[in-house]
Trainee: 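Take this structure, written in structure tokens, and hold onto it; I'll ask about it next.
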Amino acid sequence: MPTTASSVFDFIERHEACSIKRHEIASPGFGALRRSMGSIIRKLRESQDREANEISDQLRALLFTWLTSPVVFDTAIRDALRSFGEPEAFEARWDLRGEYKAALRAAETLILVENPIREQLRTAVRELRAQGRTFKIFCHRKGRPHFDSLFVPPLDAPLGDSVFLHSVRDYRETEPFGAIIKVGPLRSAGWGAAPDALISAPRFDTLVQIVWSGCGDEPGFGYDPVAPPSDVSLNPGNTPLPNDSALVNRATWTRDVTRSGEDPGADFGYTPEEDEFYSFREPNQPSEKRRATLVEIVGGDGVLYPPNSAILSFDPNPHANEPLALRLLGETLTAGMFVIQTLIGDVDFGGLLAAEGRCSRVWKQRLSEEMQINPEGICRILHHNGVTLLCLRSCVEHWCEPSTTVIHAPQQRKHFQILMEALAIDSGADSPVGAHGIPWWQRAWNEVRISRGEAIQAGVHGHEAIEDQALAILNGLLPEIRQKADSSPGFRLPIPPGHDLLGGFVFLSVLEVEEGFMVPEAELRVVRDLNSIEQWRLA
Amino acid sequence: MDFSDTYSEWQPIPKWTRFLISLGYGWHRGGPQTRRIALISMPCDSAAAGLILLGAMIRDLEVKEANELDRHTMRLVEHARQYVEHCRRCTLPVCDPLLRGCGQISKVNGSFRSTKPQYQSVKYSITKMGKDPDCPIWLLPNFKYAGGNMCPLIEELGEFFIDGDSPSQLHFSTSGLSPELYEQLVPGTVILPDNLKRSYSALCLAGRAIGESATREMCASMRFRSGSKEHGLGELLTIQDWSVAKVSRVAFFNTRTEELDRKAATPHLVVADGDASFLKVVDHSEFQRSDVVGVIHRTMERDKLETVGIKMQPSQWYAADTDRLCELPPLPRGISVAILRRRTP
């Protein structure tokens, strides 16, 4: 049964007052880590070196993950930091004065204590359960494991799917309930983002907010286009508030702040300038990047599009008037539909499609064997040769996964080349170099690029005439498209012979649409893994 | 009277529903010089746009002039002329006025229907324009029993209507809309019986950007019951093809295709369902003389909310209409309303 407007209004009518119970938590170890990382990020952002900028974006992504999720304080934090390099070498290379070492030291001390955010979260959930109240947790989909890991039988009942809300759509579709839990500041976009509706259209009476000290809520959060931005601490509200142009009648909010823990390193507490969510709001070099909206697809991948793009897409709903059409992202193109990438360009595309995955099957098998025999060894070689990625091991495991519509592989060409060299694949076993005139690793890389839709970048995609032709061809393939869409969340269709266009279409099922990214132009419309995409998320 | 929301159990009509109907009922048209733009912000998705229009439609049922009889003959003649001079000769497989350079907006089908019940299955094809101004159109019915090639007198054209449209006025022997439900929704309303048999196009529902079916389904899921009679909001609105009613008193604007369901005069009031629909309608050339009421829900992404919010900022062209705000019935908790009025020179 879908949520009815009447049930929402009934709830609002019965709950004149709502409250925010904000728990601000300080920790000496985590505070030291934040300050050290903050100063490294700041320093590297000022550098003209592109690699320094990349590292600062990666550090920023790590810091924001830790600030907005109830992560376990374990060796993973230290290891993630250490993956940037040996302390002496890293500091010398980037002209640091002990900040990196301080960050590592702080990360080391964290291993000995439990994350106080987790303690508070556990207490909050246990209290709500003891009171018999229904509650929800609003968090990013990727943050969910951190919450799940806290509630393990026999001590606590697991949380279950129905407890979690991950998007504004989830919130829109949920029935009214008792309380909502949010870890991190209230922000409308970027890291730890939540819908403004939590404040402007509450379907609960209590918001339990657990946040690190110094992380301020976004001013004006709870935006209503009709009324001025609501300040939850000042809104007097249960009577209509006439102002110049609006009439408003909304719930009253009260805020109750509890502070716990101490951070001796922060003399007077954090100032707004020190709030990482303000200082590092945008990734590096914003002038070279543009706003983008993420389309999350299966297999832990995503594609970034310019906001309000009209995207060739397929709606599998049998009642849809126009199953194949250009749709507006987030407006008429929503989760459950398929985005369609038109792979045109290299004239020989048909041939490439026929050989799809041939190289990838070879190197993936070889990599899987290595990972079974000596995972540490292959990771060490890759790291030593220059694949300096965070969480390298999980990245390598991701590359081992079989191809879907996309071949999972390193994002950068040089990393891919290092990987192929490390695997020492005998190209002659497959086909001689001379047969294609290019090295084996290069052919394998081309395969990866095409699977990501990079042909689009070089080709004439976006040209209206091409899209019209593509649409006409797709309409002729509709029965086949429906059949494939029923059985697979991602598939390819070659363009049948006899058309002016050569190539094919890749159908990618949309899991979620999410705004709030700043991305280099070259990264638009290309399939990337979500971990890489995180670095471009706005704070 | 009972009410059911999204197929839930029957209940008395809730406060929020009554508020929206009364908002529509009380919407006073100020004339093109005082165009108004309003935004209703809801805490959840709903059929609020349809409810506002329902109120406005009930108001129109009280107004003697709320019909299209004056324009009807002119519309038929314009339709016939466009067909004979342009559309009949057009060789394009798909209508494209820009490509053709014909100066029309969209193609017409060149056929009429009769309001007489005995001829309801007869289609009258337009054959040519008459030379006598008293008999402007020649018609040929597709059944012999309806007569041969004919040229009705101008006063007889009232019995015909454009095929696919609703008749401007039903035949005297045909029953019109049932007034009971409308009267119960707005107690004290005095509905004119003549209006129940007449179509009107001064009110318009602009559907959701995702497509007509989304708005239609939302309206259909909201139901009213009085005794044994039960109707969905979509039926009560009498939008063409949404209801079995033979007359239509609310036009529909498809936001995705940007097409109105009829060729008629500019609507006085357009109610837009959703943010994208509101943004499109408010700047659309067709509706620059219409009042526009946008209905949005706040469970949307910030970017979308802000885009709508910017549109509702007072400017050199529009000022806040505080007078109108003060006239509104008490707001149910959860609803916000803003109204702007075009500044008069």
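Note on naming: letters A, B, ... go to the chains in the order of the sequence lines (proteins, then strands), and numbering restarts at 1 for each one. From a predicted model like this one, the values you see are computed outputs, not experimental measurements.
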Trainee: Can you tell me how far the CG atom of A:N249 sits from the CZ atom of B:R333, to the nearest 0.5 Å?
Mentor: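 Rounded to the nearest 0.5 Å, the CG-CZ separation comes out at 6.0 Å.
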Trainee: Could you grab the distance from atom CG of B:L331 to atom CG of A:L247, nearest 0.5 Å is fine?
Mentor: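 One finds 4.5 Å between CG of B:L331 and CG of A:L247.
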Trainee: Counting only heavy atoms closer than 4.5 Å, note whether B:R324 contacts chain A via side chain, backbone, both or neither.
Mentor: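 Contact with chain A: none, neither part.
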Trainee: Could you check which of A:S188, A:S7, A:A5 has the highest count of heavy-atom pairs closer than 4.5 Å to chain B?
Mentor: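 Of the options given, most contacts go to A:A5.
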Trainee: From B:I335 CD1 over to A:F9 CZ, what is the distance, rounded to the nearest 0.5 angstrom?
Mentor: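 Result: 4.0 Å between the selected atoms.
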Trainee: Any salt bridge linking A:E218 with B:R302? Criterion: basic side-chain nitrogen under 4.0 Å from a carboxylate oxygen.
Mentor: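 The answer is yes: the pair qualifies as a salt bridge.
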Trainee: Which bit of B:Q11 is near chain A, if near means a heavy-atom gap under 4.5 Å: side chain, backbone, both or neither?
Mentor: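 The side chain, not the backbone.
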Trainee: To the nearest 0.5 Å, what is the distance between SG (B:C44) and OH (A:Y171)?
Mentor: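 Atom-to-atom, B:C44:SG and A:Y171:OH are 10.0 Å apart.
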Trainee: Of the listed residues (B:P332, B:C326, B:A214, B:A48), which shares the most heavy-atom pairs with chain A below a 4.5 Å separation?
Mentor: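 Highest number of heavy-atom pairs under 4.5 Å: B:P332.
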Trainee: Looking at B:T299, is its backbone amide N or carbonyl O close enough to the side chain of A:R172 to form a donor-acceptor pair, meaning the two atoms are under 3.5 Å apart?
Mentor: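 Yes: the side chain of A:R172 pairs with the backbone of B:T299.
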Trainee: Sequence neighbours excluded, which residues qualify as salt bridge (Lys or Arg N to Asp or Glu O under 4.0 Å) partners of A:E515?
Mentor: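 Result, salt bridge (Lys or Arg N to Asp or Glu O under 4.0 Å) vs A:E515: none returned.
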Trainee: Looking only at non-hydrogen atoms, find the nearest pair between A:V226 and B:S336 and report the distance.
Mentor: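 Closest pair (atom of A:V226, atom of B:S336, distance): CG1-CB, 3.4 Å.
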Trainee: Give, for atom CZ of A:R169 and atom CG of B:D45, the distance between the pair rounded to the nearest 0.5 Å.
Mentor: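 A:R169 CZ to B:D45 CG: 13.0 Å, rounded to 0.5 Å.
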Trainee: With side-chain contact (heavy atoms from CB on, under 4.5 Å) as the test, pick out the partner of B:E301 among A:D196, A:T293, A:V168.
Mentor: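 Passing option: A:V168.
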Trainee: Does any backbone or side-chain atom of A:R327 lie under 4.5 Å from a heavy atom of chain B? Answer side chain, backbone, both or neither.
Mentor: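 Contact with chain B involves no heavy atom of A:R327 at all.
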Trainee: Which atoms of B:K304 are under 4.5 Å from chain A, going by heavy atoms: the side chain, the backbone, both sets, or neither?
Mentor: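 B:K304 touches chain A through side-chain heavy atoms alone.
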Trainee: Would you mind telling me which of B:L328, B:I210, B:I296, B:L305 has the largest number of heavy-atom pairs within less than 4.5 Å of chain A?
Mentor: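 Option with the greatest count: B:L305.
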Trainee: Taking everything shown except B:K107 itself, do over 12 heavy atoms lie less than 6.0 Å from its NZ?
Mentor: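 No, because the 6.0 Å sphere around NZ of B:K107 holds 12 heavy atoms or fewer from other groups.
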Trainee: Sort out for me which of B:R256, B:K15, B:H297 touches chain A most, counting heavy-atom pairs under 4.5 Å.
Mentor: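 Highest number of heavy-atom pairs under 4.5 Å: B:R256.
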Trainee: Could you give the distance from CE (B:M300) to OG (A:S200), rounded to the nearest 0.5 Å?
Mentor: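 So the gap between those two atoms works out to 9.5 Å.
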Trainee: Where on A:E514 is there a heavy atom nearer than 4.5 Å to chain B: the side chain, the backbone, both, or neither?
Mentor: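 For A:E514, no heavy atom lies under 4.5 Å from chain B.
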Trainee: So for B:M222, is it side chain, backbone, both, or neither that comes closer than 4.5 Å to the heavy atoms of chain A?
Mentor: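 Answer is neither: B:M222 stays 4.5 Å or more from chain A.
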